[in-house]
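Structure first, commentary second.
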Amino acid sequence: MPTPPFFHPAGVSEPAAALHHVQELQDRTRADLGSFWFPLVVFGVLTLASIPFLVPDGSPAIPYFWAVAGPAGGAAIGWYCHSREQRLGVSRSGTPFLVTGAVLFVAAFGLPAVTTGALQEVVSAFAVGAGYLVFAWLSRSPTLAVLGVVVAAVPAGALLVGLAHPGPPVAATTGSAILVTGLAARRAEQRSA
């Protein structure tokens with residue numbers, strides 16, 4: 001009788017061991033498809049790069065930055081996800097993620113247009129935090145849920161303490177949180193591979 005290409009403990013039947021192995025493969029593939037480190041690293045870096053464009057005189061530098069950086073970041077993430085699916089040989093519908101990203105992008109641009117003062121500088125972070133909560137729900141990721149709460153709580157805290165120009169510290173804090181979460185997720189994936 002041939003030995004299966006995987007280990008099974010004594011007393012476990014070959015069919016049970018095979019089913020266990022298939023379940024492990026399914027879990028690993030699902031985890032690979034649900035990987036979120038790359039989008040977090042991209043948008044963490046972009047958020048940090050946006051800080052010099054957050055000028056207090058009300059000039060439109062930051063919308064121009066995000067008008068270019070947002071779609072470029074989205075395109076990089078789309079390319080990454082597509083190549084990952086090609087490598088894995090499986091795919092899932094990206095529509096819920098694309099719709100969420102589009103709504104997030106519109107809200108992040110639209111909310112500053114209808115607000116003023118300190119709130120105007122940080123209101124986009126509330127849209128981003130809400131977007132991460134939706135991404136967390138779609139991915140069933142507690143990590144993304146916590147990140148979404150943090151990204152929304154930071155500007156709320158800045159407004160509560162009355163910072164006159166909260167944009168740069170909020171961008172620095174949320175961008176760092178997003179980047180560090182992405183790097184930690186990448187490291188965890190590498191360890192589990």
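Closest of all the heavy-atom pairs between Ala177 and Thr181 is O-OG1, 2.7 Å. Between Gly70 and Phe105, the shortest heavy-atom contact is CA-CE1, 4.0 Å.
Cluster membership check: Val106 does not share its hydrophobic cluster with Leu133, using side-chain heavy-atom separations under 4.5 Å among Ile, Leu, Val, Met, Phe, Trp and Tyr. Under the 4.5 Å side-chain heavy-atom criterion for ILVMFWY residues, a single connected hydrophobic cluster contains both Ile178 and Leu183. In this structure, Trp79 is a member of the same hydrophobic cluster as Phe36, with clusters built from ILVMFWY side-chain heavy atoms closer than 4.5 Å. Under the 4.5 Å side-chain heavy-atom criterion for Ile, Leu, Val, Met, Phe, Trp and Tyr, Ile77 and Phe65 are members of the same hydrophobic cluster.
A side-chain contact (heavy atoms from CB on, under 4.5 Å) with Tyr132 is found for one member of Leu104, Thr100, Leu40 and no other, namely Leu40.
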Which donor-acceptor pairs under 3.5 Å do the side chains of residues 142-156 make with protein atoms, sequence neighbours left out?
none

Distance-only donor-acceptor pairs under 3.5 Å for side chains of residues 168-176, two or more places apart:
residue: Thr173; atom: OG1; partner: Pro169; partner atom: O; Å: 2.8
residue: Thr174; atom: OG1; partner: Val170; partner atom: O; Å: 2.8
residue: Ser176; atom: OG; partner: Ala172; partner atom: O; Å: 2.7

Table please: side-chain donor-acceptor pairs of residues 109-130 below 3.5 Å, with sequence neighbours left out.
residue: Thr115; atom: OG1; partner: Leu111; partner atom: O; Å: 3.0
residue: Gln120; atom: NE2; partner: Pro112; partner atom: O; Å: 2.8
residue: Gln120; atom: NE2; partner: Thr115; partner atom: O; Å: 3.2
residue: Glu121; atom: OE1; partner: His165; partner atom: ND1; Å: 2.7
residue: Glu121; atom: OE1; partner: Gly167; partner atom: N; Å: 2.8
residue: Glu121; atom: OE2; partner: His165; partner atom: ND1; Å: 2.7
residue: Ser124; atom: OG; partner: Ala108; partner atom: O; Å: 2.6

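Side chains of Trp37 and Tyr80: a donor on one and an acceptor on the other come within 3.5 Å.
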- Begin with the C-alpha distance, continue with both residues' side-chain angles, and end with the deciding distance and a verdict on side-chain contact (heavy atoms from CB on, under 4.5 Å) for Phe43 and Leu179. CA-CA 7 Å; Phe43 277 98; Leu179 179 59; over 6 Å; no

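Here Leu54 contributes atom CG and Thr47 contributes atom OG1; the two are 10.0 Å apart, rounded to the nearest 0.5 Å.
Under the 4.5 Å side-chain criterion, counting only non-hydrogen atoms from C-beta, Cys81 is not in contact with Phe97.
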